Amino acid sequence: MPPMETLFLESTTKIQKDPIHSFMDFQVWDFPGQLDYLDDTFDFDNIFGELGALIWVIDAQDEILDPLSRLHSTIIALQRSYPMINIEVFIHKVDGLSDEYKLDTMRDIMQRTQDELADAGFDNVQISYHLTSIYDHSIFEAFSKVIQKLLPQLGTLENLLNVLCSNSGIEKAFLFDVLSKIYIATDSSPVDVQSYEICSDFIDVIVDVSEIYGYPSPPVSPGAAPAENTQEVSSIIKLQNGMVLYLREINKFLALICLMRKESIEKKGLVDYNVQIFQNALQRVFELGGGVRVALAQGPDEEEQQEAAHPEPW
């Protein structure tokens with residue numbers, strides 16, 4: 001949804017449950033800000049009993065004392081009953097604030113929360129804070145980090161991406177959920193905001209082009225192998241700065257997007273081969289729920305292959 005269309009969304013007046021069917025199925029529960037769900041009229045265990053993460057949204061351009069007070073009460077209640085729930089605070093609508101004011105607001109919220117929890121006897125509570133806006137990619141990056149914490153296979157995925165990058169000359173790799181543009185995993189190198197933004201926009205380009213020129217994949221009967229001529233979507237875009245964007249469809253939900261130098265894509269056969277090995281390993285990760293061992297080619301002049309496995313298989 002374009003940011004300007006959010007102006008016409010109605011305020012949430014009741015608890016809404018939105019199922020998300022993607023690479024993994026989960027539900028998003030939207031709570032109205034004015035409801036006191038800690039009251040005895042609500043079933044606390046039913047609401048929070050199976051919760052993986054709590055996302056608390058604070059309007060950075062509005063009064064924050066009342067939302068903070070309710071946040072503190074909620075965290076204290078969760079620490080007593082469900083301390084394993086991930087607590088994520090989105091400091092939202094920061095697009096109209098200066099960089100200095102953004103950081104001051106976040107520091108103020110963090111300090112007030114830490115002091116309040118310490119007074120209640122809860123020290124070292126793990127809380128993540130995110131500066132977000134709908135007018136840039138910060139909201140997608142924040143949700144990406146929330147989802148990653150809920151993935152038990154995250155360590156294995158990162159390890160596989162590290163091996164893929166080191167053997168293919170890839171500088172940065174993202175594994176994206178195509179529908180939401182959330183990246184569920186990336187390699188261990190630092191995430192550059194501009195790199196993430198251009199990869200995210202790449203998905204929009206591919207989706208728009210596919211809607212015009214694409215065609216639906218033929219149905220596959222349960223237990224039957226896909227047709228031999230069935231190929232995943234792939235695309236390469238050369239940027240003006242000499243970098244190259246490489247996209248490869250992993251399955252109907254996930255896509256691998258890599259950022260590399262033009263010298264690396266000259267060995268496209270090597271990159272395609274390693275990505276295929278990565279794709280096969282990824283399928284095994286989600287089927288087995290554990291670490292796998294893969295072998296990736298390092299180059300036409302190197303006979304040895306590198307093996308990689310997650311150090312702590314589940």
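If you're wondering where the values come from, they're calculated on a predicted model, not measured in any experiment.
The heavy-atom pair separating Asp272 from Arg248 by the smallest distance is O-NH1, 3.9 Å. Between His72 and Leu117, the shortest heavy-atom contact is O-CD2, 4.4 Å. Nearest heavy-atom pair across Phe202 and Ser235 is CZ-OG, 3.7 Å. Heavy atoms only, all atoms of each residue included: Cys165 and Ala173 are closest at SG-CB, 3.7 Å. The minimum heavy-atom distance linking Phe31 with Ile47 is given by the pair CZ-CG2, 3.4 Å. Between Phe140 and Ile182, the shortest heavy-atom contact is O-CG1, 4.3 Å.
Proximity of Thr113 to Met110: side-chain heavy atoms (C-beta onward) are nowhere separated by under 4.5 Å. The closest side-chain heavy-atom distance from Leu175 to Leu282 is below 4.5 Å. Looking at Phe122 and Pro83, their side chains never come closer than 4.5 Å, going by heavy atoms from C-beta outward. Between Leu245 and Ile236, every side-chain heavy-atom pair lies at or beyond the 4.5 Å cut-off. Side-chain contact between Asp201 and His137: present, with at least one pair of heavy atoms (C-beta onward) separated by less than 4.5 Å. In this structure the side chain of Gln153 never reaches within 4.5 angstrom of the side chain of Ile184, judged on heavy atoms. Residues Phe174 and Val191 have side chains in contact (heavy-atom distance under 4.5 Å, counting atoms from C-beta outward). Here the side chains of Asp204 and Lys181 are in contact, with some heavy-atom distance below 4.5 Å.
Each of Ile127, Leu54, Val89 was scored for a side chain to side chain contact (heavy atoms under 4.5 Å, CB included) with Ile75, with one residue passing: Ile127.
Distance check: Ser73 OG to Glu116 CD gives 7.5 Å after rounding to the nearest 0.5 Å. With values rounded to the nearest 0.5 angstrom, Lys172 atom NZ is found 12.0 Å from Met243 atom CE. Distance check: Ile170 CD1 to Asn274 CG gives 8.0 Å after rounding to the nearest 0.5 Å. Atoms CD1 and NE2, on Ile58 and His92 in that order, are 12.0 Å from each other to the nearest 0.5 Å. Between atom CG of residue Leu256 and atom OH of residue Tyr246 there is a gap of 7.5 Å, rounded to the nearest 0.5 Å. Atom CG of residue Leu150 and atom NZ of residue Lys145 lie 15.0 Å apart, to the nearest 0.5 angstrom.
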From CA spacing to verdict: side-chain hydrogen bond (donor to acceptor under 3.5 Å, both in side chains), Asn280, Gln276
CA-CA 6 Å; Asn280 296 339; Gln276 184 62 53; 3.1 Å; yes

Assess whether side chain to side chain contact (heavy atoms under 4.5 Å, CB included) is satisfied between Ile55 and Val57, documenting all intermediate values.
CA-CA 6 Å; Ile55 301 176; Val57 183; 4.3 Å; yes

Test side chain to side chain contact (heavy atoms under 4.5 Å, CB included) on Phe44 and Leu78 and set out the steps.
CA-CA 10 Å; Phe44 183 84; Leu78 290 179; 4.0 Å; yes

Check against side chain to side chain contact (heavy atoms under 4.5 Å, CB included), Phe143 and Phe90:
CA-CA 9 Å; Phe143 270 110; Phe90 285 13; 3.8 Å; yes

Show the numbers, then the answer: is there a side chain to side chain contact (heavy atoms under 4.5 Å, CB included) between Asn251 and Leu254?
CA-CA 5 Å; Asn251 54 40; Leu254 302 177; 3.6 Å; yes

Kindly indicate, with the supporting measurements, whether the criterion salt bridge (Lys or Arg N to Asp or Glu O under 4.0 Å) is fulfilled by Asp115 and Arg112.
CA-CA 5 Å; Asp115 294 343; Arg112 289 175 181 271; over 6 Å; no

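More than 12 non-hydrogen atoms from other residues, nucleotides or ligands lie less than 6.0 angstrom from CZ of Phe42. Within 6.0 Å of atom NZ in Lys93, 12 or fewer heavy atoms from other residues, nucleotides or ligands are found, so the atom counts as exposed in its surroundings. Atom CG of Asp45 has more than 12 heavy atoms from other residues, nucleotides or ligands within 6.0 Å. More than 12 heavy atoms of other residues, nucleotides or ligands sit less than 6.0 Å from atom CD of Glu63. Residue-environment remark: CZ (Arg107) exceeds the threshold of 12 foreign heavy atoms within 6.0 Å. No more than 12 heavy atoms of other residues, nucleotides or ligands sit less than 6.0 Å from atom NZ of Lys262. The neighbour count for Gln194 CD, taken as heavy atoms of other residues, nucleotides or ligands under 6.0 Å away, does not exceed 12.
Cluster annotation: Ile198 and Val178 are assigned to the same hydrophobic cluster (Ile/Leu/Val/Met/Phe/Trp/Tyr, side-chain heavy-atom contacts under 4.5 Å, transitive). In terms of hydrophobic clustering, with Ile, Leu, Val, Met, Phe, Trp and Tyr side chains grouped at heavy-atom distances under 4.5 Å, Val193 and Tyr129 are assigned to different clusters. Leu179 is not connected to Val207 by any chain of hydrophobic side-chain contacts under 4.5 Å among Ile, Leu, Val, Met, Phe, Trp and Tyr, and they are in different clusters. When hydrophobic clusters are built by joining Ile, Leu, Val, Met, Phe, Trp and Tyr residues whose side-chain heavy atoms come closer than 4.5 Å, directly or via intermediates, Trp56 is grouped together with Phe48.
Judged by distance alone, the side chain of Gln279 and the main-chain N or O of Ile250 form a donor-acceptor pair under 3.5 Å. No donor-acceptor pair under 3.5 Å is formed between the side chain of Ser133 and the backbone N or O of Val94. With hydrogens and angles disregarded, a donor-acceptor distance shorter than 3.5 Å links the side chain of Thr105 to the backbone of Tyr101.
Between Tyr196 and Phe176, the ring planes are parallel. Angles under 30° get that label, and only those over 60° would be called perpendicular.
Side-chain N/O atoms of Glu158 and Asn162 include no donor and acceptor closer than 3.5 Å.
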